[in-house]
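Okay, so here's the structure we're looking at.
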Amino acid sequence: MRFLLNPGRILTVVFFFLLFGCSPPDSSRPSSSLPLALPAATLVAATAPLLFPAPTSARLLLITPAAAPEQTPPALPSPTPFSYTVKSGDTISQIAERYALTVDELVAANPALNSQIISIGQKIQIPARPAAQAESAPPPADLLTGPVRCLPSGAGLWCLASLTNPHPEPVENISAQISLLASDARRLESLEAILLLNTLPAGGSLPLAAFFSSRPTEPFFVRLDISIAFLLTPQDPRYLPARADNLLSQISADGLSAQVSGRVFLPESSQPAAEVWLAGVAYNQAGEIVGFRRWQSDGLLQAGASQTFSFNVYSLDGWIDRVEVLIEARP
C-alpha cells in the first residue's frame, strides 16, 4: 500500500514500461512474413547439353552423268576437289576423260604425278570444275546405310556398316570414312573405309569396313561419312557382264565360318576378263553383317568360258545364317 501511495515510484515504473515498449525489434531474427532470398552464389546457370553427330548418319554426293543422245557422257567431278583411287586398268587419259578434264588439268592438280606411270591404289586429286559446270550438276542423292557396328578383334576393332544402292544403275568410286569420337566430340581416330568391290550393283548391299589396330580407352561414338560416288552409265565398257552360278554355302557346325563355292561365267558376247572379283558377305539371323571376304581370279578369263572358285568367310560376331555373293569383272 505504501508503494501505491508513493507517486514517485509509480512514475518510475510507468517510465520503464514505455521505454521497453518503444524499443526496435531484434534485427538478428528475420520476420516470418518475408520470403528468404537465396545468395547470388547459389544461382546456377543452366548449360546447353553437348551435341554429338548421329553415329549412323551418312550423306552421299552422287553425281549422275548428264544425258546425251547416242553417246556415253563422262562422269563429271564434284564441285569441290576429291581423291580418286587408281584401279587396275586405269590410265591417266582415261581418268581425265571420265571426269571431264584434260590430262594437263589433272597433272596441274597433282604436281608430283608421273603421267606415264601410275600404280593401283595410288591417290589422285580430282580438281574442282568451273562454277558454270557446277551449277549444271544434278542435286545430291543418298545411298542407304545401316547402323555402324564395332566388333572386337584381337587387340583391335572392326567397325562396319551395310551400304545399299537403291538406284537402278550401279555406283562406283565410293569414298567413305569411319571416325571414332570421344564423349566430348573429340576425334580419336579416322580411317578410310574399305569397300570389297569398285562398284555397288543396283539394289545390292556391301559392307563398309575399317579396322582400328587398338581400341579406345574411353567411351566413344562412331560416325560414317561418305564423300562422293558416281552412277555408272548403262553398259559401261569398263565392266563386263560376268555372273556367278552354282553357288553353294556350307556353314560350319559351330556357325563361325562358311565355305562358299561356285562358278564364274563370262558370256560369249563379252570381252575377255583380266580381273574378276567376288565379294562374300556373311549375315546373321537378324540381317546384320558378321563377316566378309573378297576373292580375286588368277589369269585371263576368256569370253564364253567359266572358272570355279572356293573361299571361306569367317564370322566376327556369332553364328552365320547365310552368305551372299556379288561379282565384278573388268577387261
Side-chain angles (χ1 to χ4, degrees), residues 52-62 78 82-87 120-125 142-165 171-201 204-230 256-257 277-284 286-296 311-318 320 323-324 326 328:
F52 301 108
T56 60
S57 64
R59 183 68 177 171
L60 168 68
L61 182 60
L62 191 62
S78 70
F82 69 96
S83 177
Y84 173 78
T85 302
V86 175
K87 309 294 192 304
I120 298 174
Q122 183 178 350
K123 301 290 186 182
I124 295 179
Q125 292 299 311
D142 290 321
L143 293 182
L144 304 178
T145 61
V148 182
R149 301 174 65 229
C150 289
L151 308 173
S153 179
L157 198 69
W158 274 107
C159 291
L160 54 128
S162 63
L163 184 67
T164 302
N165 177 15
V171 176
E172 72 164 348
N173 196 30
I174 297 170
S175 178
Q177 189 175 61
I178 295 178
S179 302
L180 305 183
L181 306 175
S183 57
D184 58 359
R186 285 181 293 111
R187 187 184 298 270
L188 300 175
E189 191 173 357
S190 293
L191 291 176
E192 184 176 356
I194 301 168
L195 194 68
L196 299 179
L197 304 177
N198 292 330
T199 59
L200 182 58
S205 296
L206 283 172
L208 280 171
F211 179 71
F212 297 88
S213 57
S214 61
R215 305 176 200 172
T217 57
E218 56 184 303
F220 65 96
F221 297 87
V222 188
R223 189 176 72 191
L224 169 64
D225 296 300
I226 303 178
S227 55
I228 197 167
F230 292 90
L256 299 181
S257 66
W277 289 358
L278 296 174
V281 185
Y283 295 86
N284 61 16
E288 299 171 323
I289 296 172
V290 295
F292 50 89
R293 176 77 179 271
R294 185 173 72 182
W295 175 90
Q296 186 171 354
F311 59 88
N312 292 325
V313 181
Y314 299 94
S315 174
L316 295 168
D317 184 33
I320 295 175
V323 179
E324 295 184 0
L326 286 81
E328 176 182 303

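Within the 4.5 Å cutoff, the side chain of Leu278 has heavy atoms near those of the Phe311 side chain. Thr85 has its side chain within reach of Lys123: a pair of non-hydrogen atoms, C-beta onward, lies under 4.5 Å apart. Looking only at side-chain heavy atoms (C-beta outward), Ser162 and Val281 stay at 4.5 Å or farther from each other. Within the 4.5 Å cutoff, the side chain of Leu181 has no heavy atoms near those of the Val222 side chain. Leu157 is listed as a side-chain neighbour of Pro216, based on a closest heavy-atom distance under 4.5 Å. When side chains are defined from C-beta on, Ile174 counts as touching Leu143, because their heavy atoms get closer than 4.5 Å. Using a 4.5 Å heavy-atom cutoff, the side chains of Asn165 and Thr199 are not in contact. Proximity of Leu196 to Pro207: side-chain heavy atoms (C-beta onward) are separated by under 4.5 Å at one or more points.
Note that CZ of Arg149 is 5.0 Å distant from CG of Asp317, once rounded to the nearest 0.5 Å. We find the CD1-OG distance between Ile178 and Ser190 to be 10.0 Å, quoted to the nearest 0.5 Å. Atoms CD1 and OG, from Ile289 and Ser205 in turn, are 7.5 Å apart once rounded to the nearest 0.5 Å. Atoms CG and CD1, on Leu160 and Ile194 in that order, are 10.5 Å from each other to the nearest 0.5 Å. Of the inter-residue distances, the one linking Arg215 atom CZ with Ser153 atom OG reads 8.0 Å to the nearest 0.5 angstrom.
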Applying side chain to side chain contact (heavy atoms under 4.5 Å, CB included), run through Leu316 and Val290 and close with a yes or a no.
-> CA-CA 5 Å; Leu316 295 168; Val290 295; 5.6 Å; no

Using the side chain to side chain contact (heavy atoms under 4.5 Å, CB included) rule, take Ile226 and Leu208 through it: C-alpha gap first, then chi angles, then the decisive distance, then the call.
-> CA-CA 10 Å; Ile226 303 178; Leu208 280 171; 4.1 Å; yes

Steps toward side chain to side chain contact (heavy atoms under 4.5 Å, CB included) verdict (Leu188, Phe212) = CA-CA 11 Å; Leu188 300 175; Phe212 297 88; over 6 Å; no

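Judged by distance alone, with hydrogens and angles left aside, the side-chain atoms of Arg293 form a donor-acceptor pair with the main-chain N or O of Asn312 at under 3.5 Å. The backbone N or O of Arg187 lies less than 3.5 Å from no partner atom in the side chain of Arg223, so there is not a single donor-acceptor pair. A distance-only check finds no donor-acceptor pair linking the side chain of Asp225 to the backbone of Gln177 [under 3.5 Å].
The shortest heavy-atom contact between Ala279 and Leu206 is CB-CD2, 3.7 Å. Nearest heavy atom pair, residue Gly204 against residue Leu326, reads CA-CD2, 4.4 Å. Across all their heavy atoms, Leu197 and Glu328 have their closest contact at CB-OE1, 3.4 Å. Closest approach of Gly280 and Val313 over heavy atoms only: O-CG2, 4.2 Å.
Checked against ring pair (Phe, Tyr, Trp, His ring centres under 6.0 Å), Trp277 has no partners two or more places apart in sequence or in another chain. Residues that satisfy the ring pair (Phe, Tyr, Trp, His ring centres under 6.0 Å) test with Tyr283, not counting sequence neighbours, are absent from this structure.
Between Phe211 and Trp158, the ring planes lie tilted relative to each other; the angle falls in the 30° to 60° range.
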